[in-house]
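All remarks here apply to the structure that follows.
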Amino acid sequence: MWLIRKKLATHAYAIVFFILFGICLYITFYDKTISPTLPVITPLITVHTKTSSGQYLDVHLDLATNSAMCQKHDYLIIYVLSTITNVQRRQVIRSTWGSKQKGVCFVFIVGQVSGTTANAGEYQLKINNEKREHHDVVQIDHFESYANVIYKEIAALKWANHFYPDIPYLFKTDDDLIVDTILVSSIGKLLLTNVSLHDSFLVQNRPNLVSSIISSNRETFFRGGWATDYQPTLRDGKFGVSENVWPHAVLPAYCSGFGWFMSKNIRERLVNASLTYPIEKAAWVGDVFVSGFLAKEANVKCTGLEIDFAQTASANCSCLMVNNPMLTVCSSSFHSGGGGTEIQRYLEYQKAWQVIQLRHNSTNREIYAC
Ligand SMILES: *[C@@H]1O[C@H](CO)[C@@H](O)[C@H](O)[C@H]1NC(C)=O
Ligand SMILES: *[C@@H]1O[C@H](CO)[C@@H](O)[C@H](O)[C@H]1NC(C)=O
Ligand SMILES: *[C@@H]1O[C@H](CO)[C@@H](O)[C@H](O)[C@H]1NC(C)=O
Ligand SMILES: *[C@@H]1O[C@H](CO)[C@@H](O)[C@H](O)[C@H]1NC(C)=O
C-alpha cells in the first residue's frame, strides 16, 4: 500500500504509473481477444532474490483462479506438493492413495511451467484441464524450481486458511511418496473425536499413539513422523543455507517434508508469520524452512509423532508396508532415483495401495502377503 500512496504523491510518477497500467490492461485484453485458447502469460517471479532487502516473503497466489474445492465439513486437507509436469503421477495418485475418502480433501500444489521447458504451453493447457475435471489443483504464480518449494508450502497454508478457516487439520506430503492415507485420516478422525474403537487398526498396532493423540493439545498440534532437533547446517548444495540466513552450526528443530500434521491454529500462525518474514532470511529448502525457520518465527514447534516413515531406494514400498503396519509414508522410486521404467514406478503405487486397503480391512487383515 505504501508503494501506491508514494506514487500518487508525485504527478510524474502517477502519469507513468497509469500509462504502464494502461499498457498492461491493453496487453492482457489483446492477448485474450486474439487467442482465447492460449493461457494468458502473467508476469512471474522468475528467481527469488536472495540479496534484495526490505522485502517480505510474499507468495504470489491468485485466489480468484484457485477457488474453493473441499467440502465445508471436511475434517482434513491432505495437500500434496507436486510439479506441473507430473500429470500422469497425479492421475496415478488419484486412483491409489489419493482416492476419495469421506471428510478428506486432497489438493495438489503446483507452480508455473517455465518458458524454457519444452511444450510449456501444452502443460498449462493440461493443468487447466485437470483443474476443470478434478478440482484438486492449486497453482501458485511462481515458476517450478527447487527453491520455490517454500512458496508452495506457504501457498497451501494460505489457500486453506482463506477458503477453509474451519477445517481443523492438515496433512502435508509430496507426490513422489507413497502414503497410507487411510492411516493418516484415521489419525485426523481421532484428533477430531477422541474416539477409537478397540478393534481399530491404530489401537491394535500402536495403542500408545492413540492415547498420546487423545491427550494432545489440539491448538498447538504440529507433528510429523520425522522430527529432528540437531541437524547440522549445510552451507552448499541443494540443501545449503548461507551464513547470513543462519550463522549457527545446527538448524532449528524441524520436521521432514515426508509428512506432518498441523492444526488450523498452527496454520494461521505460520501464514501470519510469513507476512512479515524478511525474504533475505529465508532458507530455500521447503520442509526446513516452513517447519523450522518459519515455525520458530511463529513461536511454534513441529515435534515427533509415532508413525513410521521409510526412505529407501528398493522400490519396494508394498513389501515394506506388509512387514510394518505402521509404515505411513514410504519413498517411491521417483524420490530415491531407484531404477525402473515409469510404468514400473506407477505399479509400485498400485501394489502399495492394494496392501494399504487390505491391511485396514479387518475381515482380511491376515490374508495379504508381500
Ligand atoms: C478430546 O480430548 C482433549 C484433551 O484430552 C480435549 O481437549 C478435547 O475437547 C476432546 N475432544 C472431544 C471432541 O471430545
Ligand atoms: C493472524 O493475524 C490476524 C490479523 O492480524 C489476527 O487476527 C489473528 O488472530 C492471527 N492469528 C493467529 C493464530 O495468531
Ligand atoms: C521386495 O521385497 C520382497 C521381500 O523382501 C522381495 O521378495 C522382492 O523381490 C523385493 N522386490 C524388489 C523389486 O526389490
Ligand atoms: C473388506 O474385505 C472383504 C473381503 O475381501 C470385502 O468383501 C469388503 O468389501 C472389504 N471392505 C472394505 C471396506 O474394503
Side-chain angles (χ1 to χ4, degrees), residues 1-5 54-61 63 66 68 70-77 79 101-105 138 140 150-172 183-203 206-224 252-255 260-279 281-282 289-307:
M1 286 308 286
W2 65 268
L3 194 67
I4 293 169
R5 259 186 262 127
Q55 280 182 316
Y56 297 131
L57 259 192
D58 185 11
V59 56
H60 293 244
L61 169 69
L63 292 168
N66 288 288
C70 302
Q71 302 295 311
K72 201 160 166 278
H73 296 294
D74 286 343
Y75 63 89
L76 178 67
I77 294 174
Y79 63 97
Q101 287 184 50
K102 196 168 181 296
V104 180
C105 182
V138 167
I140 63 171
I150 79 170
Y151 289 118
K152 285 186 191 166
E153 297 274 10
I154 299 169
L157 306 185
K158 190 172 171 178
W159 178 87
N161 208 41
H162 178 82
F163 288 109
Y164 301 104
D166 295 331
I167 294 186
Y169 300 106
L170 296 100
F171 183 80
K172 174 254 137 93
L183 188 43
V184 165
S185 62
S186 69
I187 291 173
K189 210 53 177 276
L190 186 59
L191 280 164
L192 191 71
T193 61
N194 288 347
V195 175
S196 186
L197 301 175
H198 65 87
D199 65 342
S200 80
F201 189 79
L202 280 179
V203 174
R206 201 149 285 176
N208 290 346
L209 175 64
V210 174
S211 40
S212 124
I213 288 174
I214 289 177
S215 62
S216 65
N217 182 334
R218 306 303 201 272
E219 284 276 292
T220 58
F221 198 88
F222 186 16
R223 295 171 70 178
Y254 74 95
C255 285
W260 61 58
F261 286 91
M262 91 174 47
S263 68
K264 62 180 184 184
N265 180 266
I266 295 287
R267 172 184 69 191
E268 190 171 302
R269 289 215 224 169
L270 291 175
V271 171
N272 280 2
S274 77
L275 301 177
T276 53
Y277 198 97
I279 199 164
K281 290 287 177 193
F289 179 71
V290 172
S291 70
F293 287 77
L294 190 60
K296 195 170 187 305
E297 192 62 28
N299 213 7
V300 301
K301 188 175 177 187
C302 186
T303 57
L305 182 69
E306 274 184 47
I307 52 176

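Order of appearance sets the numbers: ligands from 1, and atoms from 1 within every ligand. Hydrogens, waters and symmetry mates play no part in the numbers below; they use all other heavy atoms, side chains included.
For atom 13 (C) of ligand 2, the closest non-hydrogen atom on the protein side is Arg269 CG, 3.5 Å. At the shortest separation from atom 5 (O) of ligand 1 among protein heavy atoms lies Ile214 O, 3.0 Å. Among protein heavy atoms, the minimum distance from atom 9 (O) of ligand 2 is reached at Glu268 OE2, 3.9 Å. What sits closest to atom 14 (O) of ligand 1 on the protein, heavy atoms only, is Asn194 ND2, 3.1 Å.
Side chains of Arg218 and Asn194: a donor on one and an acceptor on the other come within 3.5 Å.
Inside a 4.0 Å radius of atom 11 (N) of ligand 2 there is at least one protein heavy atom.
Between Ser186 and Phe201, every side-chain heavy-atom pair lies at or beyond the 4.5 Å cut-off. Residues Phe261 and Phe222 have side chains not in contact (no heavy-atom distance under 4.5 Å, counting atoms from C-beta outward).
Among the atoms of Asn265, none of the N or O lies under 3.5 angstrom from an N or O of ligand 2.
Checking side-chain atoms of Asn66 against main-chain N and O of Leu63 turns up no donor-acceptor pair under 3.5 Å.
Atoms of ligand 2 lying under 4.0 Å from at least one heavy atom of Asn272, given by number and element, are 1 (C), 2 (O), 3 (C), 8 (C), 10 (C), 11 (N), 12 (C), 14 (O).
Residue Leu192 touches ligand 1 through its backbone alone, judged by heavy-atom distances below 4.0 Å.
A distance below 6.0 Å separates the ring centres of Phe289 and Tyr277. Taking the six-membered ring where the residue is Trp, the centroids of Tyr164 and Trp159 are separated by under 6.0 Å.
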